[in-house]
Amino acid sequence: VSQSRYVRIMRITTFLNYLKTAELMGATDEEMQAARGWVEVVESWLNRKDSIGDILYFGIEAAIPVFPESGCFGTADAVIIGTKGAVVLDFKYGTGHSVGAQSFQLKTYLLGVYRYLENKEYEYGFHAVVYQPRLTLIPKEHSYSVLEMSEYESVIRDGISASMRPDVK
């Protein structure tokens, strides 16, 4: 099976399973509408060749090792890694406060992707997306450059090192 056909089959299977799970869990009409909206958001990013390029990896509820040597991990709702860029997508269903796409959580997940990738081209993009259908149907997006991710890696690494000092409680 070709890689593009494999990715297409995985996408269809993932989305059908996602919607079927929501249905089996007795989702309300509002929840099913939110689930369908989420599928559309992820699907739109899977089709963004200009930002993502060819898809190398696509996962739902994907574990991301940020600094695994320090026990720093996260789980993203969806991750897409392509030849031109990567995106971490977050689905927030609560009615609480609005979460921005430039949140610490998403930037840190992107840092995990950044650290995983080898030979990053300067033009490679790192994109964060938040979908909060109970607050707005328009996904929030923010992008970071390779340089911004490199600088953020230094900040987080320094913070982890500082927290590991014996004089810090």
Side-chain angles (χ1 to χ4, degrees), residues 1-15 17-18 37-93 98-133 136 138-165 168:
V1 178
S2 72
Q3 183 174 355
S4 63
R5 181 157 167 71
Y6 173 77
V7 168
R8 181 170 160 69
I9 291 167
M10 286 304 299
R11 286 163 55 178
I12 292 168
T13 303
T14 299
F15 291 144
N17 286 339
Y18 189 83
W38 170 241
V39 167
E40 289 174 15
V41 169
V42 175
E43 183 71 25
S44 74
W45 272 92
L46 286 164
N47 291 321
R48 281 198 185 177
K49 286 253 186 214
D50 59 325
S51 298
I52 300 300
D54 293 328
I55 297 169
L56 303 173
Y57 172 80
F58 165 56
I60 297 285
E61 295 184 15
I64 300 175
V66 182
F67 280 92
E69 64 277 12
S70 300
C72 182
F73 294 85
T75 302
D77 293 329
V79 175
I80 305 166
I81 299 173
T83 54
K84 291 182 176 181
V87 61
V88 169
L89 300 108
D90 195 24
F91 178 43
K92 302 260 188 230
Y93 189 66
S98 179
V99 175
Q102 67 279 19
S103 72
F104 173 80
Q105 175 191 13
L106 292 182
K107 190 173 184 180
T108 302
Y109 290 170
L110 282 170
L111 177 59
V113 173
Y114 168 85
R115 294 190 75 226
Y116 171 79
L117 297 175
E118 296 178 7
N119 304 318
K120 295 169 278 294
E121 298 291 327
Y122 185 74
E123 301 83 27
Y124 198 87
F126 294 88
H127 312 280
V129 176
V130 176
Y131 180 60
Q132 289 185 273
T136 177
I138 300 168
K140 292 168 260 177
E141 302 175 6
H142 190 80
S143 298
Y144 299 95
S145 67
V146 169
L147 179 60
E148 288 171 308
M149 295 311 299
S150 175
E151 291 169 351
Y152 188 60
E153 179 181 29
S154 295
V155 169
I156 298 298
R157 181 178 281 117
D158 291 348
I160 290 172
S161 294
S163 72
M164 303 296 239
R165 290 192 334 245
V168 175

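In what follows, residues are counted from 1 in the order of the sequence shown.
- Side-chain contact between His127 and Trp45: present, with at least one pair of heavy atoms (C-beta onward) separated by less than 4.5 Å.
- Within the model, atoms CG of Leu111 and OH of Tyr144 stand 11.0 Å from one another, a figure rounded to the nearest 0.5 Å.
- Without hydrogens or angle criteria, Gln132 side chain to Val99 main chain gives a donor-acceptor distance under 3.5 Å.
- Although no hydrogens or angles enter the test, the distance criterion places a donor-acceptor pair under 3.5 Å between the side chain of Lys120 and the main chain of Tyr114.
- Between Tyr131 and Val41 the shortest heavy-atom distance is CD1-CG2, 3.7 Å.
- Summarising the geometry, atom CH2 belonging to Trp38 is positioned 10.0 Å from atom NZ belonging to Lys92; distances are rounded to the nearest 0.5 Å.
- Here the shortest heavy-atom pairing between Glu141 and Val129 reads CG-CG2, 4.0 Å.
- Atoms CZ and CD1, from Phe58 and Ile52 in turn, are 11.5 Å apart once rounded to the nearest 0.5 Å.
- Counting heavy atoms of neighbouring residues, nucleotides and ligands inside a 6.0 Å radius, atom CD of Gln102 exceeds 12 of them.
- To the nearest 0.5 Å, atoms CD (Glu151) and CD (Glu153) are separated by 11.5 Å.
- Tyr109 OH to Phe104 CZ: the interatomic distance, rounded to the nearest 0.5 Å, is 10.0 Å.
- Every side chain to side chain donor-acceptor pair (under 3.5 Å) that Thr108 has, sequence neighbours left out, goes to Tyr152.
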Given Val113 and Tyr57, is the side-chain contact (heavy atoms from CB on, under 4.5 Å) satisfied, shown in steps? CA-CA 11 Å; Val113 173; Tyr57 172 80; over 6 Å; no

Please set out all donor-acceptor pairs under 3.5 angstrom arising from side-chain atoms of residues 64-84, sequence neighbours excluded.
residue, atom, partner, partner atom, Å
Asp77, OD2, Phe91, N, 2.7
Thr83, OG1, Asp54, N, 2.9

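- Under the 3.5 Å distance criterion, the side-chain polar atoms of Ser161 are matched with a main-chain donor or acceptor of Arg157.
- Atom CD1 of Ile138 has 12 or fewer neighbouring heavy atoms from other residues, nucleotides or ligands inside a 6.0 Å radius.
- The side chain to side chain donor-acceptor pair (under 3.5 Å) test applied to Ser145 returns Glu148, not counting sequence neighbours.
- Taking every heavy atom of both residues into account, Ala101 and Ala128 meet most closely at O-CB, 3.1 Å.
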